[in-house]
Amino acid sequence: MASGSAPPQILCASFNQDNSLFSVGTKDGFKIFDARTGRLLYENEIGGLNVVEMRYGTSLIAIVGTGEKPSLSPRRLCLLNTVKDAPKKDLNFRSTILAVRFSMTRLIVVLQDKTFIYDLNSGHILEEIDTVHNPKGLCAFAPNSEWCYLAIPASTSKGSALVYKASKPELICQIDAHQSPLATMAFSSNGMYLATASEKGTMVRVHIVAQATKSHSFRRGAYPSAIYSLSFGPSIDLPDVLLATSSSGSLHMFFLDAARNGRNQTNKLLGSIIPGSKAITDALDPANHHVIHSVSPAETRSCLAVHSVEYSQNSSKFPAVRTVVYMVTHDGYFRKYTISTTKSNESSWVLEREFSLPDSTLKQKEHHKD
């Protein structure tokens, strides 16, 4: 495993909206991979890129350059057609583009002091939001939810988020999550829940968006650590698990349903909205927290996606859980982990696949097996 002090091989990494594909941007260009097989599907040595964002499995992607080439200004968003290998449209801004998000009908562009919501079909700006100073382009987006929820920071001094409907732009709530400024956020696939972590990184919290209330608090650790990525399980109803990667190089898995440990079998996450519920207390229980240490070098940024969560029914009252996780690290590796948790809450993990992203080429035959 590469040293954490080595220069990053990857400048940006992201999964598409259903986690079936992932892209990486480098100083030379970008690559798109099939997350399930590890096969390289497309590459383009267009130049250094800080943003590469896919629109589901379509040929449309958004790229933002590092500025080393005049045509790849960090203030220019290029919508590129990967089939025709040609730009479809350019959007120019007055300051650096820090993040881009897609749904089927919306395009989100995040600058350090503004966030734009576009109608993707017409290209028209639906909303221009003046934001607090957001130098990292922090945002969360739920493209598969009915309202395409968008969350952006509400404060530079504490961990609060503003949640908007991007489908018909309007502010719906403010969620006050942490005492310290936000470091990362992620929605569940249906947009009903928002996970947050602050710059302190000791706590990870889950909030019910419709009520702007906290449902779960998980203690990641006693000492501060940067949380790089958060990802819910892909359930379209109540999410089962929440995973996080941190600057310590560890992978953390939190169970959101107390039923997993036999304490609240029927209510699951909904129990957290009932007055007097013990869901928050249960979430603080270490039995809901599992850790895989040294999945990447310390201080190496990572991007995480939960591919699947499967329950294997047996004679026990409580089923075992099998969680498949994809992770891209900025030292240039893709890793697939399978984490198994027994009915007695014991966990084990297997590294199913690991390969170097910079070394992958289109001519290389697929030889990684599930």
Side-chain angles (χ1 to χ4, degrees), residues 10 12-25 30-42 51-62 82 99-104 106 108 139-145 148-151 184-195 206 227-245 251-254 256 292 295-296 301-311 321-330 333-339 349-355 357 360 366 368 370:
I10 306 300
C12 63
S14 65
F15 289 86
N16 72 340
Q17 291 78 3
D18 61 7
N19 297 331
S20 62
L21 306 173
F22 70 92
S23 62
V24 294
F30 69 97
K31 296 181 178 183
I32 297 175
F33 294 83
D34 186 318
R36 293 161 292 193
T37 65
R39 186 167 64 93
L40 177 62
L41 302 177
Y42 179 87
V51 174
V52 180
E53 192 73 17
M54 294 170 287
R55 180 175 177 258
Y56 296 86
T58 72
S59 60
L60 181 65
I61 66 167
T82 57
V100 177
R101 298 291 184 268
F102 274 121
S103 73
M104 290 303 293
R106 295 292 177 265
I108 310 298
C139 68
F141 191 46
N144 301 317
S145 64
C148 288
Y149 288 126
L150 167 70
T184 188
M185 301 184 286
F187 280 105
S188 61
S189 59
N190 60 11
M192 293 175 63
Y193 304 98
L194 178 69
V206 178
I227 304 297
Y228 290 141
S229 184
L230 293 168
S231 179
F232 283 98
S235 171
I236 61 173
D237 297 314
L238 303 180
D240 305 290
V241 299
L242 173 66
L243 277 86
T245 56
L251 175 65
H252 300 262
M253 183 169 72
F254 307 100
L256 273 72
I292 304 176
V295 296
S296 64
R301 297 194 65 85
S302 54
C303 180
L304 176 70
V306 181
H307 172 257
S308 62
V309 180
E310 298 176 356
Y311 290 83
V321 182
R322 181 177 180 270
T323 306
V324 178
V325 182
Y326 299 148
M327 185 170 65
V328 179
T329 52
H330 283 218
Y333 285 89
F334 172 86
R335 297 178 179 92
K336 173 185 175 182
Y337 289 95
T338 297
I339 308 170
W349 58 272
V350 176
L351 177 59
E352 301 278 1
R353 181 188 296 122
E354 178 181 33
F355 63 91
L357 301 171
S360 300
E366 169 62 40
H368 304 286
D370 288 336

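All residue numbers refer to positions in the sequence shown, counting from 1. Every heavy atom of this structure was used, including side-chain atoms; hydrogens, water molecules and symmetry mates were not.
- One N or O on the side chain of Ser188 and one on the backbone of Tyr193 form a donor-acceptor pair closer than 3.5 Å.
- When all heavy atoms of Tyr149 and Ser145 are compared, the closest pair comes out as N-OG, 3.3 Å.
- Contact of the Thr82 side chain with the Leu41 side chain is not registered, since no non-hydrogen atoms from C-beta on lie closer than 4.5 Å.
- Distance check: Leu357 CG to His330 NE2 gives 10.0 Å after rounding to the nearest 0.5 Å.
- Within the 3.5 Å criterion, the main-chain N or O of Phe102 finds a donor-acceptor partner in the side chain of Gln17.
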Practice problem: Begin with the C-alpha distance, continue with both residues' side-chain angles, and end with the deciding distance and a verdict on side-chain contact (heavy atoms from CB on, under 4.5 Å) for Leu150 and Ile108. | Solution: CA-CA 9 Å; Leu150 167 70; Ile108 310 298; 3.9 Å; yes
Self-check item: Full working for ring pair (Phe, Tyr, Trp, His ring centres under 6.0 Å) between Phe30 and Tyr42
Solution: CA-CA 8 Å; Phe30 69 97; Tyr42 179 87; 5.6 Å; yes
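- Rounding to the nearest 0.5 Å places CD of Glu352 at 3.5 Å from OG1 of Thr338.
- Considering all non-hydrogen atoms of both residues, Asn190 and Met192 come closest at OD1-N, 2.9 Å.
- Between the side chain of Lys31 and the main chain of Ser360, a donor-acceptor pair closer than 3.5 Å is present.
- Remark: the backbone N or O of Arg301 is not paired with any side-chain donor or acceptor of Ser296 at under 3.5 angstrom.
- A donor-acceptor contact shorter than 3.5 Å is absent between the side chain of Ser231 and the backbone of Leu243.
- Counting only heavy atoms from C-beta outward, the side chains of Val309 and Val321 approach each other to under 4.5 Å.
- Thr245 and Ser302 are linked by a side-chain donor-acceptor pair at a separation below 3.5 angstrom, with hydrogens and angles left out of the test.
- Rounded to the nearest 0.5 Å, atoms CZ (Arg36) and CG (Asn19) are 10.5 Å apart.
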Quiz item: After noting the C-alpha distance and the side-chain angles of Thr323 and Met253, does the key distance pass the side-chain contact (heavy atoms from CB on, under 4.5 Å) rule?
Solution: CA-CA 9 Å; Thr323 306; Met253 183 169 72; 3.8 Å; yes
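- Within the 4.5 Å cutoff, the side chain of Met327 has heavy atoms near those of the Val295 side chain.
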Quiz item: So Phe33 and Phe334, ring pair (Phe, Tyr, Trp, His ring centres under 6.0 Å) or not? Walk me through it.
Solution: CA-CA 10 Å; Phe33 294 83; Phe334 172 86; 7.9 Å; no
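- Side chain of Arg353 to backbone of Tyr326: no donor-acceptor contact under 3.5 angstrom is found.
- Taking all atoms of both residues into account, the shortest heavy-atom contact from Phe254 to Ala244 is CE1-CB, 4.3 Å.
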Self-check item: side-chain contact (heavy atoms from CB on, under 4.5 Å) between Ile339 and Leu251, worked out
Solution: CA-CA 11 Å; Ile339 308 170; Leu251 175 65; 4.1 Å; yes
Quiz item: Going through the checks in order, is the side-chain contact (heavy atoms from CB on, under 4.5 Å) test met by Asn144 and Tyr56?
Solution: CA-CA 10 Å; Asn144 301 317; Tyr56 296 86; 2.8 Å; yes
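- Heavy atoms only, all atoms of each residue included: Ser189 and Pro234 are closest at OG-O, 3.6 Å.
- Remark: Arg55 CZ to Ile61 CD1 distance equals 13.0 Å, nearest 0.5 Å.
- Contact between Ser14 and Glu53 at its shortest, heavy atoms only, is OG-OE1, 3.6 Å.
- Remark: the backbone N or O of Ile32 is not paired with any side-chain donor or acceptor of Ser23 at under 3.5 angstrom.
- Across every non-hydrogen atom of Thr184 and Ser229, the tightest pair is OG1-CA, 4.4 Å.
- Of the possible polar contacts, one joining the Asn16 side chain to the Leu21 backbone as a donor-acceptor pair under 3.5 Å is found.
- Expressed to the nearest 0.5 Å, how far CG of Leu242 lies from CG of Leu230 amounts to 5.5 Å.
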